Protein chains: 2
Amino acid sequence: MVLTERRATILGLVVREYVQTAEPVSSKALVDRRGLDVSSATVRNEMARLEDEGYITHPHTSAGRIPSDLGYRTYVQSLMAEEPVGVDEQRTITHQLHQVAGALDEWLSLTATILAGAVGNVAVVTRPRTVTAGRLRHLQLVELNPDTALLVAVMDDGRLRQRLVPLRMPATQAQLQDRAARLNARLAAMDGAGARALAAEMADTDEASIVRETAELIEEHRGAEETYLDGLSRALRQPEFADPDRMLDAVARLQAYRLRSLLEGAADAQPGETRVVIGNELAADEMQDWSVVIARYGDSDAAGTVAVVGPTRMAYERTIPRVRYIASLMGQLLRDMR
Amino acid sequence: MVLTERRATILGLVVREYVQTAEPVSSKALVDRRGLDVSSATVRNEMARLEDEGYITHPHTSAGRIPSDLGYRTYVQSLMAEEPVGVDEQRTITHQLHQVAGALDEWLSLTATILAGAVGNVAVVTRPRTVTAGRLRHLQLVELNPDTALLVAVMDDGRLRQRLVPLRMPATQAQLQDRAARLNARLAAMDGAGARALAAEMADTDEASIVRETAELIEEHRGAEETYLDGLSRALRQPEFADPDRMLDAVARLQAYRLRSLLEGAADAQPGETRVVIGNELAADEMQDWSVVIARYGDSDAAGTVAVVGPTRMAYERTIPRVRYIASLMGQLLRDMR
DNA sequence: TGTTAGCACTCTCGGGGAGAGAGTGCTAAC
DNA sequence: GTTAGCACTCTCTCCCCGAGAGTGCTAACA
């Protein structure tokens, strides 16, 4: 059964009104506040049909309607008009972003803060990862004391990893420098397995153990995903968290490391594409009240994720374009960096 | 007016009982559950005196007593018997800690998690900083593409900082290497001001701009404090946060960057010393319901902070020795690293 | 003089209406 | 197909009341 035009209008109004007020929407409220030119009785009839078809529900008999997940989905898919990011807002955002150009991690964390502020929900940003994700670009050895050196690895996604390595033979900085240069020649662009293989075929010297440590660093790096999150305390002010149990639940759930499963859903998305996952569409059973708006940024060389996480009652028409905008900005900045 | 022995006993019992139950403590409860061998009427008399002297208070006429900040202070100072960290607990902790030896940042974040788990409150750990805090140990240049290099600075506290530098003259990795070696000779152990002065007296070349960027990195690094925090969602389960407003307030307040003022109070503490700051002793007016147990770890070369933050109703006898134990472990590990 | 039993008093907390209000679904008329 | 009217349902809030917990005071006792 396809939605008649009027029912679609009413559904749209129900969603907008509910998103704004967080109260079940009555037929009368729609007529009075949204200027429908039919009577509330007609609206009630239509609402009953919408409920039959699964777009809205009833918390109890004498309450207004709230959108179901299907209702939100339909709204996002075909009823909503996106609210574009205004010129002023664009200017503010780019201005804030350019404050810290140069240091990727500060820049990512700032992006999460800006996005969270723009949409009033929790924002998550992941550091861009290269497709190969885990090849060495360069390594360096720094003398700390006669029998310890600091091994610094620059990975192909521009991230650094460090580790202390004990030296059996004391070495000066100049000697370490030479050694690093030699190893760079052999290890450049290698992945963990390659480095491991190389270490295996070397004699048991300090150099072999450095190669072994490097292999470990590379593999460690492959698995590590760095996420930046902000906006929690503001998101918790929303009425869905008025109950302390729910609030506690949200806090526990939004620990960065638990978000991964939420973000995985968009791993295959193309940069430029923005996905919306609503309520029961989320794989995680215990997150049925949540929605995620998610986009990938970057290009075929290196890509990361930007997302907004919040209750299903979310201002999708604001959130979606803002996630998209931030993602495109980040893609641009990432290109500029190279 | 000095506390009589019996009043001291009663105060101690009130604190212990209240910490355990989170309910105001009645005279009857003390006699029944804590085995005092006087009548509840006598206890009531003593409680009235304790209240006159400011050690305990009354939420309302017909409720039991709860400790005041002075009551907790007295308890911590002279009534409490510390609950030592058991052998099993020690083993568990050291075992967990040794899982990640080698990578300082993972190790710090794990420490926060372990401590939070051990005391059931929020734990905060800061990365050790050197006293000079902001001298360069070593710099390195890595070629990214013909006109950009990655500047990697190893700071004297072992932390890395990176920045992209544009090159006017394209350079190969080998050339960059030479350049880095030359600059290292001139910049070694310099602070930000020194590097800045050096840049000023150099001709306007790529090298000068690298030195300038390095100066900025050093100064940036000086100001940066890295804090690791864990245990929030567990701490929020305590009854003091049953009210959603209070919970929200706590979440907003415990954002890592707001904790600095709390931790500053112990900046002058010696490693080995554990400080307790209770309620109104905290400088921050809006944190009067909170207590902080704090210790410094490290030595005269490099030191950081370990702290537990929670409601004034805190199991001090458990928390204090655990903070101290973790701090001493960290000091040890830090020594081993060098 | 310190301790204790007894008792009146105070305050909170939870449950149980009761009434107001909001909103629906249905019916009948237009 | 639309609408007015109306009975009905359900929640929400307020208020009241009784139970219970705990105190402070007084007077008796050791």
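This is a predicted model, so every value here is computed, not measured. Just so it is clear: chains get the letters A, B, ... in the order the sequence lines come, proteins before strands, and each one is counted from 1.
- A centroid separation of 6.0 Å or more is found between the aromatic rings of A:Tyr72 and A:Trp290.
- One can place CZ of A:Arg49 at 10 Å from P of D:dG1, the figure rounded to the nearest angstrom.
- One atom, CD of A:Glu23, and another, P of D:dC12, lie 10 Å apart when rounded to the nearest Å.
- Crowding of A:Arg246 atom CZ: a count of heavy atoms from other residues, nucleotides or ligands under 6.0 Å not exceeding 12.
- Separating the OG1 atom in B:Thr312 from the CZ atom in B:Arg73 is a distance of 12.0 Å, to the nearest 0.5 Å.
- Judged by Watson-Crick or G-U wobble contacts below 3.5 Å, the nucleotide C:dA29 has D:dT2 as its partner.
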Please encode protein proximity along nucleotides 16-30 of chain D as a string of B, S and -, counting only heavy-atom distances under 4.0 Å.
-----BBBB------
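- With sequence neighbours excluded, the residues forming a side-chain contact (heavy atoms from CB on, under 4.5 Å) with A:Ala118 are A:Glu89, A:Arg322, listed by chain and number.
- Environment of CD in B:Glu286: crowded, with over 12 heavy atoms of neighbouring residues, nucleotides or ligands closer than 6.0 Å.
- Going from atom CD1 of B:Ile10 over to atom P of C:dG2 covers 15 Å, rounded to whole Å.
- By the side-chain contact (heavy atoms from CB on, under 4.5 Å) test, A:Ile320 pairs with A:Val76, A:Met80, A:Glu82, A:Thr274, A:Val276, A:Val293, A:Tyr316, A:Arg324, sequence neighbours left out.
- Under the Watson-Crick and G-U wobble criteria, each requiring two contacts below 3.5 Å, nucleotide D:dC10 is paired to C:dG21.
- Remark: C:dC13 base-pairs with D:dG18. Criterion, Watson-Crick or G-U wobble with two distances under 3.5 Å.
- Atom CD in A:Glu46 sits roughly 10 Å away from atom P in D:dG1 (whole-Å rounding).
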